[in-house]
Amino acid sequence: MATNTSTKLMTHDILDRPGIVIGAVVGFLLTSALAAIFFLADAVVGLPFVPFDIFDWMARVLPGPVITFGIDIIVNIISTFQLGETSSTAKIAEHIMAVGGLIATGTVAAAIFFFIMNQTKTNAKNVTPGLLLGLIVGIPIAIISTSVNFTATTGPVLNTMWIVVAFAVWGAAVGWIYNDLTVEETAKTEASAHVIDRRSFLVKVGGATATITVLGVGLGTLLRPTPPQPESESIAAASLDPEAMGVQPDELPNAGDAVEPVPGTRPEYTPVEDHYRIDISSRPPVLDEASYTLPIFGLVNNQLDLTLADIRDNYEPMDQYVTLACISNRLGGDLTSTTKWTGISLQKLLADADLAENAAYLRITSADGFDETVSLDLINEDERIMLAYAWDDSPLPVRNGFPLRIYIPDRYGMKQPKWITEIEVVEAYEEGYWVRRGWDEIAQMNTTSVVDTVATDNIIRSEGQFLVPVGGIAHAGARGISKVEVSVDDGDWQEAQLRTPLSETTWVIWRYEWPFEEGSHTFSVRTYDGTGTLQVIESQPSRPSGATGVHSLNATL
């Protein structure tokens, strides 16, 4: 009797259970495969891509300083290692961080699961703990995804069910692998027959999950439909000439100006596809023009619900060449672009809404959850403020704000919502998205000048002297530029030539021809706005009001 009891107890004694390191490996492999499945389902069916939703949710709930710290790290890495244009590279970095965050979450969750299972001595063949793990992780993520997702083409109920089921299967797989890696001693003579070669098993798991990951990513990339763009009918409806789309260099207002940009100076007119993009979401909202309406409501006597065709056809179009900059742009950075905007006067649009006497602000909301408050006093003072529907004589690209975005002269991009979905007229001021996160309330563009190039390969000879062309840009929002000066090796400031700007709201290209001297030199620039006010010389970081200081460039001749 005692022998039978001993044998029975031995049956449930655990000989070996996998540790948390193996749990982390299992979690990493399975969650990588899960991320690939989410990617495939997003591409083919239009279900949520969960990693992006989690990342976007965190960007909305984390304190402003934490977000800024993260932005600074990304920009520093891009700048230090020269990884490319800042806005597009930063967006790729965000995507990598989003997917990495989901994988890290799954890795940690599986490691904790293995640890708890080992501590509780739970029967290794019980499937319930794995399913419970999947639900514990999946349900909160499903709630988060539903609260922020705006890109899925499927309904919220299906989205929620899909995420919960996917994580339940993931959890069950974690539990199943734990069970197979756990060895129970049934009898001393049979113990060796039940010992699992964990390395071989994990290799098989790794191969299977790697196959799923590669297939998911590959098929998702192959089958993902091309992002929709506004159709050519939109251009015709806007009374724009489809055969003359795009602005050519010889069509620019300052074509033929005597001051030529120095080779290496950034393009005076930014191709739309190269215009910087900074926004709060991993992917841009895609709004259907056919069903789109813009409601203007609140403190109005005549509520408006306008289609894009109403806006284009019923109001006189206005054009403006515009230099737009991101407030987080570093001194000399590339988060600044210039293009031609087309839209309608916001003054005239609001006149049709017949605002109430106590109306004081517009609260503008975007499809991605962004919001900003604009003063009616500012709108009434500046007729250039527009609702823009076209860039470069073509409908706004989806990535840059289609169907509508606002343009406010002399303000950084953080004050100018894209993908506008509604305008509410209100009496009281409310802080906008970035203002709530600690950025400047006014966000007026700082007077800035940059040395883009010292053209050592384009030295010219004039009157027996060799001259080195030095060039760059200067801008001051809507205040214009009156003078640019260059100093070499902390010497006297010398006035540069100014090319006629494209408009009163664009940057100015400047050119300075420096008498050649062999050696290493430092070229610095400063500028004065249209009122004759010198730019801020003291160096300040971009947060909270935009970067200031004197920009310099070193060159060896």
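Partners of Thr531 according to the side-chain hydrogen bond (donor to acceptor under 3.5 Å, both in side chains) rule, which considers only residues two or more places apart in sequence or in another chain, are Asp529, Thr533. Here Phe150 pairs with nothing under the ring-ring contact (aromatic ring centres under 6.0 Å, His included) rule; sequence neighbours left out.
Judged purely by distance below 3.5 Å, without hydrogens or angles, the side chains of Tyr269 and Glu251 never pair a donor atom with an acceptor atom. Side-chain N/O atoms of Thr338 and Thr323 include a donor and acceptor closer than 3.5 Å. Asp354 and Asn302 are not linked by any side-chain donor-acceptor pair at a separation below 3.5 angstrom, with hydrogens and angles left out of the test. Donor-acceptor pairing under 3.5 Å is lacking for the side chains of Thr548 and Asn446. Side chains of Asp310 and Tyr315: no donor on one and acceptor on the other come within 3.5 Å. For the residue pair Thr365 and Asp371, no side-chain donor N or O sits within less than 3.5 Å of a side-chain acceptor on the partner.
Around atom CE of Met58, no more than 12 heavy atoms belonging to other residues, nucleotides or ligands sit under 6.0 Å away. By the neighbour-count criterion of 12 heavy atoms within 6.0 Å, atom CD of Glu316 is sparsely surrounded, having that number or fewer from other residues, nucleotides or ligands.
Among residue pairs with one or both ends in residues 318-330, those qualifying as salt bridge (charged side-chain N to carboxylate O under 4.0 Å, His left out) are Asp72-Arg330; sequence neighbours excluded.
A cation-pi arrangement is found for Arg224 relative to Phe39, the charged atom lying closer than 6.0 Å to the ring centre and inside a 45° cone about the ring normal. Relative to the ring axis of Tyr433, Arg437 places its NZ or CZ within 45° and under 6.0 Å from the centre.
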Could you go step by step and tell me if Thr307 and Thr293 meet the side chain to side chain donor-acceptor pair (under 3.5 Å) rule? CA-CA 4 Å; Thr307 65; Thr293 59; over 6 Å; no
The test is side chain to side chain donor-acceptor pair (under 3.5 Å); show your working for Asn254 and Glu268 and say whether it passes. CA-CA 10 Å; Asn254 62 354; Glu268 183 174 28; 2.5 Å; yes
Can you check side chain to side chain contact (heavy atoms under 4.5 Å, CB included) on Leu498 and Val484, steps first, answer last? CA-CA 7 Å; Leu498 301 183; Val484 171; 3.5 Å; yes
Run the numbers on Trp434 and Ile67 for side chain to side chain contact (heavy atoms under 4.5 Å, CB included), then give the verdict. CA-CA 11 Å; Trp434 284 115; Ile67 298 298; 4.2 Å; yes
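When each of Tyr389, Trp391, Trp341, Tyr321 is tested with Tyr407 by the rule ring pair (Phe, Tyr, Trp, His ring centres under 6.0 Å), just one qualifies, namely Trp341. Checking Asp53, Asp42, Asp56 one by one against Arg283, the salt bridge (Lys or Arg N to Asp or Glu O under 4.0 Å) holds for a single residue, Asp42. With Thr339 as the partner, the side-chain contact (heavy atoms from CB on, under 4.5 Å) test is satisfied by one option alone out of Leu502, Asn400, Asp392, Leu324: Asp392.
Under the 4.0 Å criterion applied to side-chain N and carboxylate O atoms, Arg479 and Glu504 are not assigned as salt-bridge partners. For Arg363 and Glu430, the salt-bridge test passes: some basic side-chain N is under 4.0 Å from an acidic carboxylate O. Between Asp452 and Arg266 there is a salt bridge, since a side-chain N of the basic residue sits under 4.0 Å from a carboxylate O of the acidic one. Salt bridge status for Arg436 with Glu431: absent, with no side-chain N to carboxylate O gap under 4.0 Å. Using a cut-off of 4.0 Å between Lys/Arg side-chain N and Asp/Glu carboxylate O, Glu94 and Arg277 are scored as not salt-bridged. Here Glu383 does not pair with Lys348 in a salt bridge; the nearest charged N to carboxylate O distance is not below 4.0 Å.
Proximity of Tyr528 to Arg526: side-chain heavy atoms (C-beta onward) are separated by under 4.5 Å at one or more points. Contact check for Phe297 versus Val425: no side-chain heavy atoms found under the 4.5 Å cut-off. Thr527 has its side chain within reach of Thr447: a pair of non-hydrogen atoms, C-beta onward, lies under 4.5 Å apart.
Listed for the Trp419 side chain is no donor-acceptor partner under 3.5 Å among the backbone atoms of Arg405.
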